[in-house]
Amino acid sequence: ETPTEPDPDQPPAKKLATDVAVVVDHYNTRPEVGVAQRETSPIIGLKSFNNWVKSVLITRFAHPALAASKLVGRGPRAPRGKVLDMGCGKGGDMTKWAKARAAEVLAVDIAAVSVDQARSRWQQLRGPSFDATFAALDCYTDPLSKAFSPAKLATPFDVVSMQFCMHYAFESVQKARCMLDNVSRWLRPGGTFIGTIPNADQLLQNLEGVPPDAPDLTFGNDVYKIRFEDRVHKPLFGHKYWFYLQDAVENVPEYIVKWDNFVQMAADYGLHPVYKEEFHDVFSENREHAEFGPLMVRMKVVDANGESAMDEDQWEAANIYIAFAFEKR
Ligand code: SAM
């Protein structure tokens, strides 16, 4: 036996890791690719579409909340308001916050390598920018005040954004409550909480469609695959599945977010839903819109003739998600 050979009696190191460690390791080790390389992704159509949905959500719900902020200067070009980008990843939304003319963004993610990449992305922003502070934190276990000084948190947020990341908190009631406390505690009344999460109805319906004699509880297509561990629904938390998305996510453990349960719990934190839509419906609702229609062409979701950049499999994968907005009252 040489030291480089793995011991066949020992399970691979990953098996010993907790689900959180698998998630962190996955996001930390996914390489950051430049714009040019991103264009060559086999699912570039789907990636562009997801970005367009986030832009629509931010423009419809975050811009007005930033503009309504009484805390900073007014005027047409003045930057306005403060954003918390929780689960910011590699900073994919930095340009969107610049376009929304945010005055300040606090960005936080459990994956420290991603946080560094998000900071670089912010530093490289061209044109109008904003003040930003970046921190690594497990936002579903620790309070934001562990990562940011009291001075940084003294002015409340106008917008809290959680894009494609909130569902990781639904492993347990403790994590979901810690996440909601972090969302709400420093959000001003009248402020907005927006996000994108997996579409529980869609996922559970697909799970029910898996034949009883199937070797495992997997469904999907060439672009995405979901494998549940349990056919029986967990009542509220911890209903786990493994998620694969071509050229993006390599088998990461995720959790079902039951919408009614989420809404009920969010109410305990003064958060009330104002919008919830499946991604397919976000598309049909906004494709003819004076601003979001042309934006779809600019973001290469469709070409000038209205032809989609997504094939059938990508389009099906797109509807794994829903977009939402809550208001703090
Ligand atoms: N919001 C970014 C975007 O839209 O591009 C990144 C989305 S990525 C699919 C999910 C992110 O959630 C990852 O960066 C991951 O590290 C982060 N995440 C998962 N668990 C977290 C936790 N407990 N605290 C903070 N971030 C977490």
Side-chain angles (χ1 to χ4, degrees), residues 17-33 35 38 41 43 46-58 62 83-97 105-122 132 134-144 146-148 159-172 174-183 193-198 224 237 240 242-255 257 279 299 317-318 320-324:
T18 64
D19 284 354
V20 173
V22 175
V23 171
V24 175
D25 185 49
H26 173 268
Y27 285 109
N28 268 337
T29 49
R30 265 206 77 76
E32 163 74 335
V33 300
V35 179
R38 186 175 168 278
S41 166
I43 58 155
L46 176 58
K47 287 184 176 178
S48 303
F49 176 65
N50 286 344
N51 256 317
W52 174 81
V53 171
K54 288 196 285 182
S55 296
V56 171
L57 194 64
I58 288 172
V83 175
L84 171 64
D85 191 343
M86 198 149 108
C88 65
K90 301 178 196 312
D93 294 338
M94 290 301 136
T95 317
K96 299 181 192 68
W97 300 129
V105 175
L106 266 53
V108 60
D109 195 287
I110 193 172
V113 177
S114 296
V115 171
D116 287 342
Q117 290 164 345
R119 188 185 293 104
S120 313
R121 207 149 170 172
W122 166 69
F134 297 84
L137 183 80
D138 179 346
C139 303
Y140 312 152
T141 305
D142 291 315
L144 275 192
K146 193 172 167 184
F148 299 109
V159 174
V160 176
S161 174
M162 295 194 73
Q163 304 302 336
F164 300 106
C165 59
M166 194 192 80
H167 44 294
Y168 295 110
F170 279 69
E171 182 181 358
S172 67
Q174 291 83 359
K175 288 191 176 199
R177 286 200 171 276
C178 175
M179 177 277 293
L180 281 167
D181 191 62
N182 277 331
V183 169
F193 166 38
I194 53 171
T196 39
I197 50 172
Y224 83 101
F237 299 95
K240 177 168 157 182
W242 294 85
F243 184 52
Y244 161 82
L245 181 65
Q246 187 186 14
D247 194 39
V249 181
E250 292 293 334
N251 284 322
V252 166
E254 302 196 349
Y255 301 90
V257 179
F279 273 25
M299 293 181 82
I320 298 175
Y321 291 99
I322 59 168
F324 68 74

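Every value quoted in this text rests on a predicted model; they were computed, and no experiment measured them. All ligand and atom numbering here is 1-based and tracks the order in the structure.
Of the protein's non-hydrogen atoms, Lys54 NZ, 2.7 Å is the one closest to atom 4 (O) of ligand 1. Among protein heavy atoms, atom 7 (C) of ligand 1 sits closest to Gln163 O, 3.4 Å. Of the protein's non-hydrogen atoms, Cys139 N, 3.0 Å is the one closest to atom 24 (N) of ligand 1. Scanning the protein heavy atoms around atom 1 (N) of ligand 1, the nearest turns out to be Gly87 O, 2.7 Å. With hydrogens left out, the protein atom closest to atom 10 (C) of ligand 1 is Phe164 O, 3.4 Å, a heavy atom. Nearest protein neighbour of atom 27 (C) of ligand 1, counting heavy atoms only, is Ile110 CG2, 3.4 Å. Annotation: atom 20 (N) of ligand 1 to nearest protein heavy atom, Tyr140 CE1, 3.6 Å.
Nearest-residue assignment for atom 17 (C) of ligand 1 (options Thr141, Asp109, Val24, Asp85; heavy-atom criterion): Asp109.
Annotation: salt bridge (Lys or Arg N to Asp or Glu O under 4.0 Å) contacts of Asp93 (sequence neighbours excluded): Lys54, Lys96.
Residue Cys88 touches ligand 1 through its backbone alone, judged by heavy-atom distances below 4.0 Å. When heavy-atom distances to ligand 1 are checked against a 4.0 Å cut-off, Lys90 has no atom that comes that close, whether in backbone or side chain. With a 4.0 Å heavy-atom cut-off, ligand 1 is reached by no atom of Val108. In Tyr168, the part holding a heavy atom less than 4.0 Å from any atom of ligand 1 is the side chain.
Residue contacts with ligand 1: Asn50 is excluded, as none of its non-hydrogen atoms falls under 4.0 Å.
Annotation: side chain of Phe148 is not in contact with side chain of Leu137 (no heavy-atom distance under 4.5 Å). A heavy-atom distance below 4.5 Å is found between the side chains of Asp19 and Lys240.
Listed by first and then second residue, the salt bridge (charged side-chain N to carboxylate O under 4.0 Å, His left out) pairs that reach into residues 108-117 are Asp116-Arg119, sequence neighbours excluded.
There is no side-chain donor-acceptor pair under 3.5 Å between Glu250 and Tyr244.
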